[in-house]
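Here is the naming used below: chain letters follow the sequence lines, and residue numbers restart at 1 for every chain. Keep in mind that what you see is a predicted model, and the values were worked out from it rather than measured.
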Protein chains: 2
Amino acid sequence: MKNTVRVERARENITQAGLADRIGVSRQTVNAIESGKYVPSAVLALKIAQVFGKTVNEVFELEDGD
Amino acid sequence: MKNTVRVERARENITQAGLADRIGVSRQTVNAIESGKYVPSAVLALKIAQVFGKTVNEVFELEDGD
DNA sequence: ACCAAAAGTAAAGTATGTTTTACATTTAGA
DNA sequence: TCTAAATGTAAAACATACTTTACTTTTGGT
């Protein structure tokens, strides 16, 4: 599964720590999600999309391995 | 987080085991997600929504506790 | 009422998400 | 260039998703 979190974050000029704060997780969690180290829970995905004013499907996308 | 999986499944007349098959998880996992026992991963949420031809946001919604 | 399919549930085990702490590297601005 | 902020990364501990097996209960059709 790939995502555009890093891009959206750049668009809104928000920091990893800032985003982490707003969605209630650690900075490392945001970092790991951005670098594809792991797949967030649906709750996290919803929160992240919400912060960026987008749908989950706009930010997260299935890929071949999934 | 609440979801409308049970409703969508009824709409499409598909069984828990059938859905489980199509998204590559166990029947119990589908049951647990429907009864709110746990929050699926973003990948699962995407797959479930895909099966029903809906967006993740249409099927899954944040609630107060989240 | 009977039977089969579907759904509910539970416990133990495994996989993976998330936190915390801590340190190294990169980037941007004065 | 110097410094501070931002990012990358790693390991240990913990929480939660998910599987498997197995049994019970419900539901729908004949």
Side-chain angles (χ1 to χ4, degrees):
Chain A
M1 195 206 53
K2 63 181 184 175
N3 69 78
T4 60
V5 174
R6 186 170 271 135
V7 176
E8 298 302 331
R9 200 166 53 72
R11 240 188 6 91
E12 301 238 343
N13 226 55
I14 182 179
T15 175
Q16 285 187 348
L19 176 56
D21 245 23
R22 293 183 61 176
I23 64 184
V25 295
S26 72
R27 177 180 70 80
Q28 285 80 349
T29 293
V30 169
N31 188 319
I33 291 170
E34 284 190 0
S35 36
K37 279 191 189 164
Y38 56 67
V39 170
S41 70
V43 166
L44 256 190
L46 283 164
K47 285 184 182 174
I48 290 171
Q50 192 178 54
V51 164
F52 296 136
K54 303 220 161 180
T55 68
V56 170
N57 291 271
E58 283 170 337
V59 179
F60 298 89
E61 194 179 353
L62 290 174
E63 47 186 357
D64 289 357
D66 301 325
Chain B
M1 196 205 54
K2 63 179 183 177
N3 69 77
T4 60
V5 173
R6 185 170 273 135
V7 176
E8 298 301 333
R9 199 165 53 70
R11 240 189 1 93
E12 301 239 341
N13 226 55
I14 183 181
T15 176
Q16 285 186 348
L19 177 56
D21 245 25
R22 294 183 60 175
I23 62 183
V25 296
S26 71
R27 178 179 70 80
Q28 286 78 351
T29 294
V30 168
N31 188 318
I33 290 170
E34 284 190 0
S35 35
K37 280 191 188 164
Y38 56 68
V39 170
S41 71
V43 165
L44 257 190
L46 284 164
K47 285 184 182 173
I48 290 171
Q50 192 179 54
V51 164
F52 295 135
K54 301 221 162 178
T55 67
V56 170
N57 291 269
E58 283 170 337
V59 180
F60 297 90
E61 192 179 354
L62 290 174
E63 45 186 0
D64 290 358
D66 302 324

Rounding to an integer number of Å, can you tell me how far A:Asp21 CG sits from C:dT19 P? 12 Å
To the nearest Å, how far apart are A:Gln28 CD and D:dA13 C1'? 14 Å
NZ/A:Lys2 to CD/A:Glu63 distance, rounded to the nearest 0.5 angstrom? 6.5 Å
Using a 4.0 Å heavy-atom cut-off, does A:Thr15 contact any base of the nucleic acid, only the sugar-phosphate backbone, or nothing at all? sugar-phosphate
Could you state the atom-to-atom distance from OH of B:Tyr38 to P of D:dA17 in whole Å? 8 Å
DNA chain C nearest-nucleotide lookup for B:Arg9 and B:Ser41: closer to the 5′ end is B:Arg9
Give the rounded distance in Å between these two atoms: CG of B:Asn31 and C1' of C:dA6. 10 Å
Take the protein atom CZ of B:Phe60 and the nucleotide atom P of D:dA17, then report the distance between them rounded to whole Å. 12 Å
Taking A:Asn57 for its side chain and B:Thr55 for its backbone only, find out whether a donor-acceptor pair lies under 3.5 Å. no
May I ask you to verify if any side-chain N or O of A:Thr29 is less than 4.0 angstrom from the OP1 or OP2 atom of C:dT19? yes
Atom CD of A:Gln16 and atom P of C:dT18 are separated, to the nearest Å, by 15 Å
Nearest-Å distance for atom pair CG/P, residues A:Leu19 and D:dG8: 13 Å
Rounding to 0.5 Å, atoms CD (B:Gln50) and CZ (B:Arg22) come to a distance of 9.5 Å
Find the distance A:Leu44:CG to C:dT16:C1' and express it as a whole number of Å. 14 Å
Rounded to the nearest 0.5 Å, the CD atom of B:Gln16 sits from the OG1 atom of B:Thr29 at a distance of 10.5 Å
Closest-nucleotide ordering on DNA chain D, the 5'-leading residue of A:Glu34 and B:Arg27: A:Glu34
